[in-house]
2 protein chains.
Amino acid sequence: MVLSGGDAAFRVSVDVVALTVLDDRLSVLVSRRAEPPYRGRWGLPGCDLVHDEDLEATARRALRERTGRATSSARIEQLATYGAPRRDPRRRTVSVAWLAVLPVLAEPGGGRAWKPADRLLASGRLAFDHGRLLADGVERARAKLEYSNIATAFLEPEFTIAALRGIYEVVWGHRLDAGNFHRKVTRTDGFVEPTGRRRQTGRGRPAELFRAGAEESLHPPLTRRSFEQRSVDLGSPVRRHPARGAGHGLVRGA
Amino acid sequence: MVLSGGDAAFRVSVDVVALTVLDDRLSVLVSRRAEPPYRGRWGLPGCDLVHDEDLEATARRALRERTGRATSSARIEQLATYGAPRRDPRRRTVSVAWLAVLPVLAEPGGGRAWKPADRLLASGRLAFDHGRLLADGVERARAKLEYSNIATAFLEPEFTIAALRGIYEVVWGHRLDAGNFHRKVTRTDGFVEPTGRRRQTGRGRPAELFRAGAEESLHPPLTRRSFEQRSVDLGSPVRRHPARGAGHGLVRGA
DNA sequence: ACAAAAGTGTTGAGCGTACACCCATGG
DNA sequence: CCATGGGTGTACGCTCAACACTTTTGT
């Protein structure tokens with residue numbers, strides 16, 4: 001860190017890949033750009049770094065401005081920094097990207113929307129290099145489900161094991177065995193802790209409610225590896241409930 | 001990413017946590033600062049971002065300037081970005097940190113040195129927030145040994161399985177069973193591939209030489225988890241050869 | 001009574017650990 | 001010949017995938 005003779009200075013911004021699960025799809029918060037460059041394309045929430053504000057505080061501010069909510073409960077972590085010389089055609093900009101995971105919120109409105117991540121990626125209609133940011137964020141989330149309790153951040157403070165399983169199924173894109181998942185989750189120290197309450201789900205036996213445990217990292221991890229060798233249909237959501245009218249049950253496991 | 005009315009601009013720098021294994025110790029490249037701030041402390045190699053240069057190119061430049069060598073062979077990956085308002089007392093600076101892993105090079109000279117990472121961390125005599133950068137870099141390296149082939153980046157292109165095991169032992173700080181390690185490494189697809197050559201090591205049966213395989217990520221991973229429950233002596237290096245004169249053999253496994 | 005969802009039991013395959021043992025070389 | 005390090009064989013224990021089965025509700 002040598003102080004150069006000159007004083008080259010750059011714009012520094014923060015962009016947030018905010019993920020949630022909405023209608024059984026992994027979805028990301030974007031807003032349609034009203035101004036050039038990339039007018040009409042979708043952009044991730046972001047804002048410029050300002051004097052005396054921490055990077056993480058800046059990311060939380062970007063998220064708060066776009067969701068219109070207090071986001072102190074959102075789980076947030078740094079993703080990576082993107083600084084290719086011409087990634088912003090106006091001016092050289094170094095952007096620190098953050099991954100945020102949060103439970104479903106009200107629709108944000110005002111040109112902003114939760115859009116399915118896979119569709120948005122496939123459409124190629126993201127501004128700047130936000131397609132890469134989103135892809136990196138999704139991959140990070142997928143990986144972290146294996147060895148951290150980040151899945152609980154997609155849910156309200158109290159949740160059922162089935163709801164937690166639903167997060168894994170949607171983010172990983174394949175179904176999991178309910179029984180084995182239940183055992184694995186409840187027996188991994190610090191992953192979830194029982195509240196003693198139950199939830200009426202409608203049909204079926206009422207499920208116990210849990211909250212996130214103290215342990216951030218899971219040992220041993222859950223593994224998606226063994227499933228990846230199987231074909232995964234990325235084009236359609238993992239339907240967690242049979243389509244109305246169509247009576248075909250979904251196969252379990254292989 | 002909204003263009004603010006003002007034009008706040010920041011110094012952007014790149015710092016490199018360059019790791020190697022020297023004398024059975026995980027070591028990091030540092031240079032003694034000749035100028036304030038932090039005169040006399042140890043600093044990581046770094047340089048300022050300049051117009052039209054990629055972040056990764058900047059990191060490689062910093063490494064090259066400090067090692068005096070072509071470092072195209074070094075494995076390099078982004079670590080994290082540090083931007084606390086007063087991390088540099090002179091001017092607000094956002095620093096993108098990179099992790100580099102490379103084989104032992106000649107001593108760099110000129111106030112630069114390879115220093116054992118653990119001692120340097122314990123001494124607290126690093127400049128700026130470089131202690132945190134170093135701690136994060138070491139933890140990243142430790143974690144990546146589990147599920148990537150990054151250990152091969154510490155070695156020359158051709159190496160023995162025992163040398164590879166030595167990297168794991170030094171970085172993780174405990175000994176591994178030689179037989180099981182050999183089996184695990186040679187049977188994990190894409191980790192290493194045989195060259196057909198052998199190396200005369202002096203004593204003992206000559207070891208086969210391998211080179212790094214094509215696969216970046218290991219499935220299934222090696223695991224340090226099972227060892228973490230055991231006590232680990234962080235204060236002294238894992239001696240891979242018995243001390244001269246002291247005839248005590250090191251126990252294997254538990 | 002039946003369907004559906006929650007949760008438990010059971011079993012077989014695979015993997016990791018521990019450690020015995022053989023191989024190939026230097027002294 | 002022995003010592004040393006390279007490399008293989010083997011057995012035990014644990015975990016996980018698969019799936020049968022029981023529990024508890026709504027209709």
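The analysis underlying the following values was restricted to heavy atoms, covering all of them including side chains, and did not include hydrogens, waters or symmetry mates. Bear in mind the structure is a predicted one, so any value in this text is a computation, not a measurement. Letters go in sequence order (proteins before strands), and every chain restarts at 1.
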Side-chain contact, heavy-atom cut-off 4.5 Å: B:S27 with B:R119?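 The answer is no, as the side chains (C-beta and beyond) never meet within the 4.5 Å cut-off.
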
Do any pairs count as a salt bridge (charged side-chain N to carboxylate O under 4.0 Å, His left out) and have a residue in residues 207-223 of chain B, sequence neighbours left out, and if so which ones?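 Only B:R75-B:E216, B:E193-B:R211 qualify under salt bridge (charged side-chain N to carboxylate O under 4.0 Å, His left out).
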
Which pairs count as salt bridge (charged side-chain N to carboxylate O under 4.0 Å, His left out) when at least one residue sits in residues 196-207 of chain A, sequence neighbours excluded?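 Applying salt bridge (charged side-chain N to carboxylate O under 4.0 Å, His left out) to every pair that reaches into residues 196-207 of chain A, excluding sequence neighbours, yields A:E158-A:R197.
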
Would you please name every residue forming a side chain to side chain donor-acceptor pair (under 3.5 Å) with B:R32, sequence neighbours left out?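 Scan of B:R32 (side chain to side chain donor-acceptor pair (under 3.5 Å), adjacent residues dropped) gives none.
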
[X] side chain, from C-beta outward: closest of [options]:
| X | options | answer |
| --- | --- | --- |
| A:P220 | D:dC16, D:dA17, C:dA6 | D:dC16 |
| A:I161 | C:dG7, D:dA17, D:dG6 | C:dG7 |
| B:A207 | C:dA18, C:dA6, D:dG7 | D:dG7 |

Quiz: residues 133-141 of chain B side-chain donor-acceptor pairs under 3.5 angstrom, not counting sequence neighbours:
| unit_1 | atom_1 | unit_2 | atom_2 | d |
| --- | --- | --- | --- | --- |
| B:D136 | OD2 | B:Y82 | OH | 2.5 |
| B:E139 | OE2 | B:R224 | NH2 | 3.1 |
| B:R140 | NH1 | B:E77 | OE2 | 2.7 |
| B:R140 | NH1 | B:Q78 | O | 3.1 |
| B:R140 | NH2 | B:L79 | O | 2.9 |

Atom [atom1] of [X] and atom [atom2] of [N]: how far apart are they, to the nearest Å?
| X | N | atom1 | atom2 | result |
| --- | --- | --- | --- | --- |
| B:D177 | D:dG7 | CG | C1' | 11 Å |
| A:L209 | C:dG7 | CG | C1' | 15 Å |
| A:R224 | D:dA17 | CZ | P | 15 Å |
| A:R165 | C:dG7 | CZ | C1' | 11 Å |
| A:F210 | C:dA6 | CZ | C1' | 10 Å |
| A:L222 | D:dA17 | CG | C1' | 13 Å |
| A:E208 | D:dT23 | CD | C1' | 12 Å |
| B:L176 | D:dG6 | CG | P | 13 Å |

For [X], which residues count as a side chain to side chain contact (heavy atoms under 4.5 Å, CB included) partner, sequence neighbours excluded?
| X | result |
| --- | --- |
| A:K115 | A:V30, A:W42, A:A113, A:L120 |
| A:P221 | A:Y147 |
| A:E156 | A:P103 |

Polar side-chain atom of B:D177 near backbone of B:N180 as donor-acceptor pair, under 3.5 Å: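 Yes.
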
For B:G179 and B:P221, take the nucleotide of DNA chain C holding the closest heavy atom to each; which residue's nucleotide lies nearer the 5' end?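 Nearest nucleotide further toward 5': that of B:P221.
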
Not counting sequence neighbours, which residues clear ring pair (Phe, Tyr, Trp, His ring centres under 6.0 Å) with B:F181? List them please.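 Partners of B:F181 under the ring pair (Phe, Tyr, Trp, His ring centres under 6.0 Å) test: B:Y168.
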
Where do N or O atoms of nucleotides 25-27 of chain C meet protein N or O atoms at under 3.5 Å, pair by pair?
| unit_1 | atom_1 | unit_2 | atom_2 | d |
| --- | --- | --- | --- | --- |
| C:dG26 | O4' | B:G202 | O | 3.4 |

Can you sort out the partners of A:R125 under salt bridge (charged side-chain N to carboxylate O under 4.0 Å, His left out), two or more places apart, ordered by chain and number?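 None.
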
Pairing pattern in dot-bracket form [Watson-Crick, G-U; both distances under 3.5 Å; | = partner strand] for DNA chain C: |||||||||||||||||||||||||||

Working to the nearest 0.5 Å, report the span between CD of A:E169 and CG of A:L164.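 Interatomic distance, A:E169 CD to A:L164 CG, rounded to 0.5 Å: 10.0 Å.
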
Among residues 181-197 of chain B, which contact DNA chain D at a heavy-atom distance under 4.0 Å?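 Output list: B:H182, B:R183.
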
